[in-house]
Amino acid sequence: MTDKVIPLADHRYLQRVPVIPSQLEAATGLLGDTLGRPLHDLRISVTDRCNFRCVYCMPKDVFDKDYAFLPQTSLLSFEEITRVAKLFVAHGVEKIRLTGGEPLLRKHLEKLVEMLASLTTVSGQPLDLTLTTNGSLLAKKAQSLKDAGLKRVTVSLDALDETTFQRMNDVDFPVADVLHGLEIAHQVGLGPIKVNMVVKGGMNDDQIVPMARHFKDSPFILRFIEYMDVGASNGWKMDEVIPSAEVVRRIGESMPLIAIPANYAGETAQRWRYQDGGGEIGVISSVTQSFCGDCSRARLSTEGKLYTCLFADAGHDLRALMRAGHSDAEILTVVAHLWRARTDRYSELRTINTEGLSSATNRKVEMSYIGG
Ligand code: SAM
Ligand code: SF4
Ligand code: SF4
């Protein structure tokens, strides 16, 4: 048998092991990068595997039965994840989101949730601990996740129409099961629950208005995400992006909307509420209106590499430092140096030069690997 060559997987083995600075420092909880952006959010990918093959994320022809997912020994253990999380919290992180791949596929995830839920922020508050899921296992797991200390969930759902949804997830997964998962999550108190819909022009944009109508007057906050050029496998094209302004226009035709202010600086979604009091929606305009200026997010890959941008081509290997026996003070200092040196603003640059960037950056890391 010949080994299949999968260029995408090479990203995972790009080695960038940080050098330990000679002068160690203590955390102040007040890190800023070159653009003055604080470090507030940490997204942790707990697995690179998924039971869906969403066309915009893990297209079947690439992520097939021969695809080399990470071996178990590569994954950070729960103890390692918690250790890294604790260091980030000392640097000012207040919000942690578990993601993937599909995070609910990671065995005994409740145990990790319990470990993370015991951390407190610099000001002594509980962490905002949340998780993004495709909802397929949510009905089964919602109660145990809640009991373990998870605060809330975000659920991805790209269509209500069965045929369209199955074409998007590409594994024939039924809509009803995700809707059931949503209900159970709501019942056990994992709210406020956000529902994320990625809009891919020509595939599911006819679902914008039905989705809005379905979730209007419900406890769920629907958010529309512009289809992004993450990774190198989804064959992204600008003309498949439906701009958020168009989403708002289509919904507003039958259900008038009013813009409302952000909940906090750095919120990724722009908020709109229904004029008749039927709740709110959000639009995430990652392509047409970048929000790099407020981006306070760091990402930890399944195998412990730190990415300071969703579109970075390489990560900084914190696992190597941990497994080589470096101390908390050393790793804390490394993270401080990396964040202070951060210059990332990919989306902003893409807005300036869409053509140039999308063709030039073919080494971007996959979303299923570092987490959305
Ligand atoms: N499997 C989980 C899920 O789907 O919710 C968590 C991981 S998934 C990578 C996180 C989020 O990224 C999902 O809401 C997904 O829809 C979004 N996503 C993936 N690929 C995307 C793309 N090309 N453009 C925009 N959003 C994308
Ligand atoms: Fe899986 Fe989530 Fe990617 Fe869909 S978006 S393939 S559910 S990781
Ligand atoms: Fe943040 Fe990078 Fe996305 Fe800009 S492109 S918002 S810096 S993750």
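Remember, it's 1-based here, ligands and their atoms both numbered in the order they're listed.
Under a 4.0 Å criterion applied to the non-hydrogen atoms of Phe311, ligand 3 contributes the atoms 5 (S). Those atoms of ligand 3 with a heavy atom of Phe291 less than 4.0 angstrom away are 6 (S). Near Met58, meaning under 4.0 Å from one of its heavy atoms, ligand 2 places the atoms 6 (S). Residue Cys57 has at least one heavy-atom neighbour below 4.0 Å for each of these atoms of ligand 1: 19 (C), 20 (N). Near Asn234, meaning under 4.0 Å from any of its heavy atoms, are these atoms of ligand 1: 23 (N). Counting atoms of ligand 1 from 1 in the listed order, those under 4.0 Å from a heavy atom of Tyr227 are 23 (N), 24 (N). Near Glu102, the atoms of ligand 1 lying under 4.0 angstrom from a non-hydrogen atom of the residue are 1 (N), 2 (C). Each of the following atoms of ligand 3 lies closer than 4.0 Å to a heavy atom of Ser347: 5 (S). Interface of Thr99 with ligand 1, defined as ligand atoms under 4.0 Å from a residue heavy atom, comprises 6 (C), 7 (C). Distances below 4.0 Å separate heavy atoms of Arg299 from the following atoms of ligand 3: 8 (S).
When only non-hydrogen protein atoms are considered, atom 10 (C) of ligand 1 lies nearest to Gly372 CA, 3.8 Å. Ranking protein heavy atoms by distance to atom 1 (Fe) of ligand 3, first place goes to Cys295 SG, 2.4 Å. Considering only non-hydrogen protein atoms, atom 8 (S) of ligand 3 sits nearest to Leu310 N, 3.3 Å. The single protein non-hydrogen atom nearest to atom 7 (S) of ligand 3 is Asp344 O, 3.6 Å, given as residue, atom name and distance. For atom 27 (C) of ligand 1, the closest non-hydrogen atom on the protein side is Met367 CE, 3.6 Å. Of the protein's non-hydrogen atoms, Met228 N, 2.8 Å is the one closest to atom 24 (N) of ligand 1. Among all non-hydrogen protein atoms, the one lying nearest atom 4 (Fe) of ligand 3 is Cys292 SG, 2.3 Å. In this structure, the protein non-hydrogen atom closest to atom 4 (O) of ligand 1 is Ser156 OG, 3.4 Å. Nearest non-hydrogen protein atom to atom 2 (Fe) of ligand 3 is Cys309 SG, 2.3 Å.
In this structure, Phe220 and His186 have perpendicular ring planes: the angle between them is above 60°, well past the 30° mark. Using cut-offs of 30° and 60° for the angle between ring planes, the Phe69 and Tyr67 rings count as perpendicular.
In Lys86, the NZ atom is not crowded: 12 or fewer heavy atoms of neighbouring residues, nucleotides or ligands sit closer than 6.0 Å. Other residues, nucleotides and ligands contribute only 12 or fewer heavy atoms inside 6.0 Å of the CD atom of Gln72.
With 3.5 Å as the limit, one finds no donor-acceptor pair spanning the side chains of Ser244 and Gln270. Thr133 and Glu102 are linked by a side-chain donor-acceptor pair at a separation below 3.5 angstrom, with hydrogens and angles left out of the test. Using modelled atom types and a 3.5 Å distance limit, the side chains of Asp229 and Tyr346 yield a donor-acceptor pair. Under 3.5 Å, the side chains of Thr154 and Arg97 contain a donor-acceptor pair of N or O atoms. Using a 3.5 Å distance cut-off with no hydrogens or angles, the side chains of Thr302 and Ser45 do pair a donor with an acceptor.
With a cut-off of 2.8 Å, atom 3 (Fe) of ligand 2 has no N, O or S atom of Cys54 in range.
Under a 4.0 Å heavy-atom criterion, Met197 is not in contact with ligand 1. At least one heavy atom of Gly101 lies less than 4.0 angstrom from ligand 2. For Glu348, the closest heavy-atom approach to ligand 3 does not fall below 4.0 Å.
For the atom pair Met367 CE and Cys50 SG, the distance stands at 12.0 Å (nearest 0.5 Å).
The part of Val198 lying near ligand 1 is the side chain, judged by heavy-atom distances below 4.0 Å. Contacts between Asp158 and ligand 1, counted as non-hydrogen atom pairs separated by less than 4.0 Å, are absent for every part of the residue. Residue Ser368 does not touch ligand 2, judged by heavy-atom distances below 4.0 Å.
Ligand 1 has an N or O atom lying under 3.5 Å from an N or O atom of Thr133, backbone or side chain. Between Tyr56 and ligand 1, at least one N/O pair is under 3.5 Å apart. Checked against a 3.5 angstrom limit, the closest N/O atoms of Ile225 and ligand 1 fall outside it.
Taking all heavy atoms of Cys50, Gly101, Gly100 into account, the minimum distance to atom 1 (N) of ligand 1 is reached by Gly101.
The existence of a salt bridge linking Glu80 and Arg83 is excluded, since no basic side-chain nitrogen approaches an acidic carboxylate oxygen closer than 4.0 Å. Using a 4.0 Å cut-off between charged side-chain N and carboxylate O, Asp344 and Arg342 make a salt bridge. For Arg53 and Asp64, the salt-bridge test fails: no basic side-chain N is under 4.0 Å from an acidic carboxylate O.
Annotation: side chain of Asp128 is not in contact with side chain of Glu94 (no heavy-atom distance under 4.5 Å). Taking the side chain as every heavy atom from C-beta outward, Lys305 and Tyr369 approach each other to under 4.5 Å.
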Take Leu87 and Asp328 through the test side-chain contact (heavy atoms from CB on, under 4.5 Å) and record every step on the way to the result. CA-CA 7 Å; Leu87 300 179; Asp328 282 357; 3.9 Å; yes
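Screening Thr99, Val46, Ile96, Ile44 for a side chain to side chain contact (heavy atoms under 4.5 Å, CB included) involving Leu300 leaves a single residue, Ile44.
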